[in-house]
Student: 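Handing you this structure, nothing more for now.
Predicted, not measured: the structure shown is a model, and the values here were computed from it. Naming convention: chains lettered A, B, ... in sequence-line order (proteins, then strands); numbering from 1 in each chain. Any value given below was found using the heavy atoms of this structure, including those in side chains, with hydrogens, waters and symmetry copies removed.
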Amino acid sequence: MTELLLLALGASLVNNFVLSNFLGLCPFIGVSRRFEAAVGMALATLFVLTLASGLSFALWQWVLVPLGLEYLRTLVFILLIAGVVQFAEIMVRATSPLLHQLLGIFLPLITTNCAVLGVALLNVDRQHGLLESLVFGASAGAGFGLALLLFTALRERLDTADVPRAFRGAPVALVTAGLMALAFMGFAGLGAR
Amino acid sequence: MRFDTSPAPHVIAGYTVPRVMFQVLFALLPAGMAHVVLFGPGLLLQLAVACVTALLAEAAALRWRGRDAAPALKDGSVLVTAFLLAFSIPPLLPWWLGALGTALAVLLGKHVFGGLGQNPFNPAMVGYAILLVSFPAEMTRWPVPMDVEGSRSWSELARMSVASFYGADLTTHWDGYTGATALDSIRSGLDLRYTLPELLARGDIAGTLGARGFAWINLAALAGGLYLMLRRIVRWHIPVAVLGGLLVPSFIAHGLDSGNALGPAMQAFSGATMLTAFFIATDPVSAATSDRGRLWYGAGIGLLAWIIRTWGGYPDGFAFAVLLMNLAVPFIDRYTVPRIYGRQP
Amino acid sequence: MAARPTFPAGLALDAHKQQACGTPIVELPLPPQVVLALDQGTGYSAEPVVTVGEAVAAGTLVAHAGHPYASAVHASLAGIVVAIETREAAVPSGRSVCIVIDGNASNRIDDSVRPVADLAALSPDELVQRLRDAGIAGLGGAGFPTATKLAYARNLGAHTLVLNGAECEPWICCDDALMRSAADDVVLGALILRRAASAERCVIAIEDDKPAAIAAVTSAIERLRDEALTLAVVPAVYPQGAERQLITAVVGVEVPAGGLPADAGVVCQNVATAAAVAHWATRGEPMLSRVVTVTGSGVEHPGNVRAPIGAPLAALIAASGGYRDTPLRLIAGGSMTGRALPSDEVGLTKSMNCIFVATRDDIGSRLEAVEVPCIRCGDCAGVCPAGLLPQQLLRAAHADAHDTLRQLGLSDCIDCGLCDYVCPSQILLADRFRDARRRLQEAAAMAQKAADARERHGLRKRRQQEAATAEQQTFESVRDRARRPDDDSAGDSN
Amino acid sequence: MNAGAILIAVLVAATLAVTLGVALGWAAARIEPNADSLVERIDALLPQTQCGQCRYPGCRPYAAAIASSAAEIDRCPPGGEATVRALAELLDRALRPLDPEFGVPKPAQVAWIDEARCIGCARCLPACPVDAIVGTSRQMHTVITRQCTGCELCLPPCPVDCIELRPAPAVSRRYSQPRAA
């Protein structure tokens with residue numbers, strides 16, 4: 001139990017996927033202009049990450065390893081993630097076409113979100129079991145969502161700030177993301193003692 | 001007869017931002033005096049370099065934007081940033097690090113976002129965190145305070161401070177004069193499996209209320225903070241929440257495991273506790289805006305500082321705790337809008 | 001009497017009342033001309049019923065209240081109508097159609113001005129109608145027609161009439177003076193208003209910094225011995241006299257956002273309005289005059305003046321000894337919500353409770369203010385009596401973000417000006433909010449119009465479709481009928 | 001590596017692909033996209049003049065075209081810059097100026113019939129998209145100002161050019177709360 005808790009804490013805060021490992025930066029920058037869209041993205045990523053973690057573990061454990069096809073893992077995982085993402089897209093379009101509009105290209109791009117593939121590969125590398133994989137995936141997703149929502153709320157505030165012209169838009173967003181990463185360094189070493 | 005028109009209200013109280021800022025500077029006076037008495041005149045040198053750098057950076061940033069720099073320089077806000085940073089860094093820091101930290105605080109922490117009132121992060125803490133991450137050795141080397149038993153003299157401390165300010169290598173002359181802060185020593189002691197009572201029994205760590213040296217500075221900062229509350233510059237929500245967020249968990253943890261967990265008195269009067277609670281966390285620009293939001297914000301800072309002090313990689317977690325809660329402020333503001341008259345909650 | 005708890009927030013302000021309050025009410029000599037604005041401050045105008053050149057007597061109806069938010073206007077001076085034209089006026093829009101009457105010395109009083117003999121026999125509905133005909137409007141500052149407010153109160157079943165004698169705004173003391181000199185009128189008017197509103201009880205609320213008024217009203221109530229009538233002393237905290245805040249302080253309920261006081265079972269009237277009602281009941285006089293405070297460091301002898309509606313402000317100031325020093329602003333109202341007027345040629349309106357002639361001594365704090373960026377200190381939120389976050393509203397107003405403005409409750413701002421008052425960055429918050437509120441109202445009106453158009457367009461399309469279907473059916477039935485006798489053509493339908 | 005291993009690898013990948021494809025195809029067919037709610041939210045931001053300047057027969061068809069990305073958001077001159085901004089914000093699309101091809105914004109206007117010149121031909125009645133013109137054959141017509149959207153669609157059918165557009169009256173003020181006194 002403590003192990004799982006530490007795993008969750010590590011994946012969501014200490015080694016936050018976005019702010020410490022720099023995985024999944026494209027939606028982090030791309031879908032952080034509107035809070036509603038960010039909430040949608042956070043939920044979609046959480047869904048995809050958790051589902052992909054479980055399924056990739058199953059594929060790895062019960063198909064690739066028994067058949068000696070470990071070298072196929074990148075290919076197979078991407079295929080799997082693409083499928084899950086497509087499913088998420090169908091769901092989003094059915095429930096909220098506005099969200100579908102807002103997420104735009106970034107929804108299918110979850111497929112090539114390095115955070116998702118990263119979680120699947122890290123699960124294999126660290127030899128996580130099924131439960132561990134699911135917890136790792138879900139907490140990575142939660143950490144991504146947390147960072148995304150905090151960042152979006154910050155950017156909405158910056159929208160009305162008197163930012164120098166040279167820094168308006170992407171530059172100030174990147175500076176902010178950098179300072180967020182700096183703040184998250186405060187978690188460094190947490191749980192190591 | 002004809003008259004000019006102008007919108008109501010026609011009379012205002014006449015409070016001004018400079019008045020607020022200079023009251024804050026004034027309230028830092030007792031802490032500054034305690035600092036100088038206990039740690040030597042290093043603080044004054046740091047203050048000088050920080051103030052000069054801050055004013056230059058502010059003027060340069062405004063000039064570059066084509067704006068009038070004079071009112072901004074006079075309003076005192078950038079001096080508050082300089083003071084808070086100078087109070088946070090060790091008094092032995094070489095001048096160029098103090099200048100670098102201040103310049104980064106003002107430029108990266110404030111003017112990139114548009115200057116006064118626009119910065120989401122506390123500029124002084126931005127500067128401090130960058131220095132701490134980039135120069136960990138210099139940033140954790142403090143003079144041994146005067147209230148630790150030994151045969152050190154203040155004038156020797158002063159000579160060392162000046163030498164260190166210009167970058168002299170301290171190990172040759174003043175080896176026994178420098179050391180880690182109390183919180184730092186306790187951390188490393190605990191890592192080496194000493195128990196807390198054993199560590200506190202050593203004369204160089206704990207005073208009556210908290211860490212040697214820092215206990216007095218914290219008391220002085222508390223006095224200055226109470227003055228600000230009396231003058232209604234600072235309202236009670238943030239300081240109380242910060243102290244609550246830090247002290248409640250430390251009280252519980254100390255009760256459960258007095259061998260390893262610091263007690264509330266030690267937590268309250270060591271490190272940057274009081275400075276943060278009354279001067280840093282209360283910076284309104286980077287704090288939450290409603291009363292309820294400020295309680296969450298303050299409690300978050302206290303709790304995160306406790307977590308980082310207890311389990312984290314840094315001895316005093318306040319700078320990071322403040323930055324972490326700064327970035328949560330817009331999020332907190334979103335969910336803590338007070339009830340409007342005549343509306344259902 | 002102990003002060004009772006009050007609404008949250010607010011601020012005790014420097015009252016500046018001693019300037020004008022020392023002396024008794026002065027009667028203004030009849031001016032040679034009056035300028036009667038047909039918009040008396042609500043933004044809705046009465047319709048003229050006289051023509052240029054017509055002779056009128058004091059009390060003659062000159063404009064009829066067509067809209068429920070407009071109030072009837074009567075000639076306050078006997079004479080000749082010399083102009084009906086749009087002029088500069090002391091109303092929010094700055095201009096109004098005005099009826100200008102040149103006085104003659106006849107002082108003729110209209111025949112309709114007779115004491116109301118059958119007062120006790122009038123039903124509440126009749127009372128309300130008579131008050132409407134008499135042009136009685138709120139004298140507290142908004143000028144809203146009293147009859148319309150009473151009608152709302154009756155429709156929604158208000159149980160309490162609150163008589164507003166708080167007079168929280170700095171510099172103004174006309175209500176105070178009136179209560180001290182004519183407390184019996186106030187109490188009598190209160191009883192008539194209570195009956196017209198069909199309310200169970202009436203509470204007269206006075207701020208605790210007016211002990212003389214409290215004493216006068218207390219003894220007037222004792223003389224009357226009516227159990228439905230009580231006095232409530234409220235703390236002198238600005239904006240205690242704002243309708244919603246006073247209701248919360250006195251009755252302990254909140255008026256729902258976007259609703260009327262009557263939704264909370266309360267109707268609120270000003271004490272001066274009550275005195276005017278008593279005036280009407282005892283003498284039959286429609287609303288022809290009011291008491292107004294003339295004050296500020298820019299007038300020689302500050303004081304309270306009873307003047308005919310429409311009297312040029314210059315005449316009022318002359319009666320107070322004229323200008324002194326360097327008057328910089330001519331403000332209709334007090335220092336917090338008063339409106340700076342461009343000229344002293346405009347006529348007194350029913351809603352004008354104060355003429356504040358301000359010099360640098362009075363308004364220097366505002367003149368010298370230098371605006372700097374908001375530092376989010378939150379002092380404004382700490383004093384806002386509506387519980388708003390002005391600092392957040394400012395950002396939203398700056399970005400013109402309508403949804404955010406609505407969410408943050410811009411429409412619940414009562415325009416009290418306290419946020420401006422305390423702001424260390426000295427930002428003109430109240431003015432920005434006024435501007436944003438106007439934009440929001442315009443957007444809402446446009447949205448309403450679009451919604452109406454959408455509905456009508458939808459109805460039209462449905463009607464066209466139905467018509468097309470009906471035509472098709474008619475065509476088919478005619479065709480079928482035409483086909484039936486001739487069986488050979490059956491194959492043609494393919 | 002032998003041929004068998006390659007075959008197995010290909011088989012595994014292919015099986016996975018086919019399985020996912022079938023599952024997705026089934027899901028796509030079963031779960032209906034729900035486009036109407038988006039069209040409604042876009043329609044709510046359009047000014048409802050029904051003027052057709054966007055070259056769609058009314059505001060709702062234009063909203064549908066925006067929702068399906070068939071049309072850009074810059075085609076509505078009556079809504080002006082404010083509408084483009086609202087649409088850009090709703091859909092998180094880039095702000096762009098109005099396309100002058102579809103007309104230029106004008107101040108709000110309403111139609112007005114010169115009743116002296118009107119011959120009562122009733123041709124303008126069916127042209128009005130919101131039924132804001134009243135009148136019948138050989139009777140004078142008049143425009144209900146409050147309901148007119150200023151779409152100008154009644155101008156072309158009029159044989160005697162007796163309809164002109166005038167500035168719209170200011171929007172009516174609502175009862176504003178009594179102020180603090």
Side-chain angles (χ1 to χ4, degrees), chain B residues 1-21 23 68 71-72 74-77 80 114-120 232-235 237-238 282-294 329-330 333-334 336-345, chain C residues 7 170 244 248 254-259 314 323 327-331 333 335-344 356 358 362-363 365-366 369-370 372-379 381-382 385-389 391-392 407-409 412 415 417 420-426 428 430-431 434:
Chain B
M1 192 162 157
R2 294 202 67 86
F3 292 88
D4 286 346
T5 57
S6 60
H10 304 280
V11 174
I12 56 174
Y15 305 130
T16 60
V17 170
R19 196 187 77 112
V20 172
M21 295 298 170
Q23 289 278 352
D68 185 13
K74 282 186 217 144
D75 72 16
S77 64
V80 170
L116 180 63
Q118 318 286 347
N119 49 297
R232 293 171 177 256
I233 305 274
V234 162
R235 287 190 289 153
H237 306 83
I238 293 177
T282 51
D283 164 31
V285 177
S286 54
T289 199
S290 68
D291 289 347
R292 199 154 48 93
R294 285 179 173 184
V329 158
D333 282 351
R334 229 187 145 81
T336 52
V337 177
R339 188 184 74 86
I340 295 168
Y341 176 97
R343 288 201 193 183
Q344 295 304 313
Chain C
F7 60 95
R244 281 152 200 260
T248 303
E254 283 190 5
V255 179
Y323 294 111
L328 294 175
R329 297 275 190 282
L330 178 70
I331 297 163
S335 60
M336 294 299 288
T337 66
R339 200 169 38 247
L341 301 176
S343 154
D344 62 3
F356 174 28
D362 304 323
I363 56 171
S365 57
R366 178 51 110 190
V370 183
V372 299
C374 169
I375 56 165
R376 289 167 46 90
C377 67
D379 286 358
L388 305 177
L389 293 171
Q391 72 276 41
Q392 305 285 79
Q407 250 165 39
L408 290 171
D412 297 298
D415 201 10
D420 264 51
Y421 185 82
V422 298
C423 180
S425 298
Q426 313 200 316
L428 290 164
D431 197 45
R434 248 168 258 146

Student: When you look at OH of B/Tyr15, are more than 12 heavy atoms from neighbouring residues, nucleotides or ligands closer to it than 6.0 Å?
Tutor: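 Atom OH in B/Tyr15 is not packed in, count stays at 12 or less.
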Student: Count the heavy-atom pairs under 4.5 Å between each of C/Gly382, C/Gly378, C/Ala314 and chain B, then report the option with the highest count.
Tutor: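 Most pairs with chain B among the choices: C/Gly378.
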Student: Which residue out of C/Ser425, C/Pro424, C/Ala340 racks up the most heavy-atom pairs below 4.5 Å with chain B?
Tutor: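 Option with the greatest count: C/Pro424.
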Student: Considering only heavy atoms, which portion of C/Leu389 lies under 4.5 Å from any heavy atom of chain B: side chain, backbone, both, or neither?
Tutor: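 Only the side chain of C/Leu389 comes within 4.5 Å of chain B.
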Student: Rounded to the nearest 0.5 Å, what's the gap from CD on C/Gln391 to SG on C/Cys377? Could you check?
Tutor: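 It comes to 7.5 Å.
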Student: Going by the side chain to side chain contact (heavy atoms under 4.5 Å, CB included) test, name the single residue among B/Thr16, B/Ile233, B/Val80 that passes it with B/Met21.
Tutor: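 Per the side chain to side chain contact (heavy atoms under 4.5 Å, CB included) rule, the option paired with B/Met21 is B/Val80, out of B/Thr16, B/Ile233, B/Val80.
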Student: Could you walk me through whether B/Val17 and C/Ile375 satisfy the side chain to side chain contact (heavy atoms under 4.5 Å, CB included) test, starting with their C-alpha distance in whole Å, then the side-chain angles of each, then the deciding distance to 0.1 Å, before giving a yes or no?
Tutor: CA-CA 8 Å; B/Val17 170; C/Ile375 56 165; 4.2 Å; yes
Student: Is chain B contacted by the side chain of C/Gln407, its backbone, both, or neither, given a heavy-atom distance below 4.5 Å?
Tutor: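 Contact with chain B involves the backbone of C/Gln407 alone.
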Student: For the candidates C/Ser335, C/Ala369, C/Ser343, C/Cys374, which exhibits the highest count of non-hydrogen atom pairs separated by less than 4.5 Å from chain B?
Tutor: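 Most pairs with chain B among the choices: C/Ser335.
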Student: Side chain, backbone, both or neither: which part of B/Arg232 has a non-hydrogen atom closer than 4.5 Å to chain C?
Tutor: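 Contact with chain C is absent: no heavy atom of B/Arg232 under 4.5 Å.
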Student: Distance-only, no hydrogens or angles: does the C/Asp344 side chain make a donor-acceptor pair with backbone N or O of B/Met1 under 3.5 Å?
Tutor: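 The answer is yes, because a donor-acceptor pair under 3.5 Å joins these two groups.
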Student: When rounded to the nearest 0.5 angstrom, what is the spacing between CG in C/Leu341 and CZ in B/Arg2?
Tutor: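 Here the interatomic distance stands at 10.5 Å.
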Student: Please look at C/Leu408 and chain B and tell me whether the side chain, the backbone, both or neither of the residue comes under 4.5 angstrom of a heavy atom of that chain.
Tutor: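 Both backbone and side chain.
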Student: At a 4.5 Å cut-off on heavy atoms, which part of C/Leu330 comes close to chain B: side chain, backbone, both, or neither?
Tutor: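 Looking at C/Leu330, backbone and side chain both touch chain B.
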Student: C/Val255 versus chain B, heavy atoms under 4.5 Å apart: side chain, backbone, both or neither?
Tutor: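 Its backbone and side chain both get close to chain B.
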Student: Please determine whether a side-chain nitrogen of the Lys or Arg among C/Asp420 and C/Arg366 lies less than 4.0 Å from a carboxylate oxygen of the Asp or Glu.
Tutor: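 Between C/Arg366 and C/Asp420 there is a salt bridge, with a charged N closer than 4.0 Å to a carboxylate O.
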Student: Does any backbone or side-chain atom of C/Pro385 lie under 4.5 Å from a heavy atom of chain B? Answer side chain, backbone, both or neither.
Tutor: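 Backbone only.
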Student: At a heavy-atom separation under 4.5 Å, does B/Arg294 approach chain C through its side chain, its backbone, both, or neither?
Tutor: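 Side chain of B/Arg294 only, per the 4.5 Å heavy-atom cut-off to chain C.
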Student: Among C/Arg376, C/Met336, C/Gln392, who wins on heavy-atom pairs under 4.5 Å with chain B?
Tutor: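 Between C/Arg376, C/Met336, C/Gln392, the count favours C/Arg376.
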Student: Is C/Arg434 paired with C/Asp431 through a side-chain N to carboxylate O contact shorter than 4.0 Å?
Tutor: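 Salt bridge between C/Asp431 and C/Arg434, a charged N being under 4.0 Å from a carboxylate O: yes.
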Student: Under a 4.5 Å cutoff for heavy-atom pairs, which residue among C/Ala386, C/Pro373, C/Gly417, C/Pro327 has the most contacts with chain B?
Tutor: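 Of C/Ala386, C/Pro373, C/Gly417, C/Pro327, C/Ala386 has the most heavy-atom pairs under 4.5 Å with chain B.
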Student: What part of B/Ala287 gets closer than 4.5 Å to chain C, counting heavy atoms only: side chain, backbone, both or neither?
Tutor: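 B/Ala287 touches chain C through backbone heavy atoms alone.
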Student: What side-chain donor-acceptor pairs closer than 3.5 Å can you find for residues 4-14 of chain B, not counting sequence neighbours?
Tutor:
{"from": "B/Ser6", "atom 1": "OG", "to": "C/Arg329", "atom 2": "NE", "distance (Å)": "2.8"}
{"from": "B/His10", "atom 1": "NE2", "to": "C/Gly338", "atom 2": "O", "distance (Å)": "2.8"}

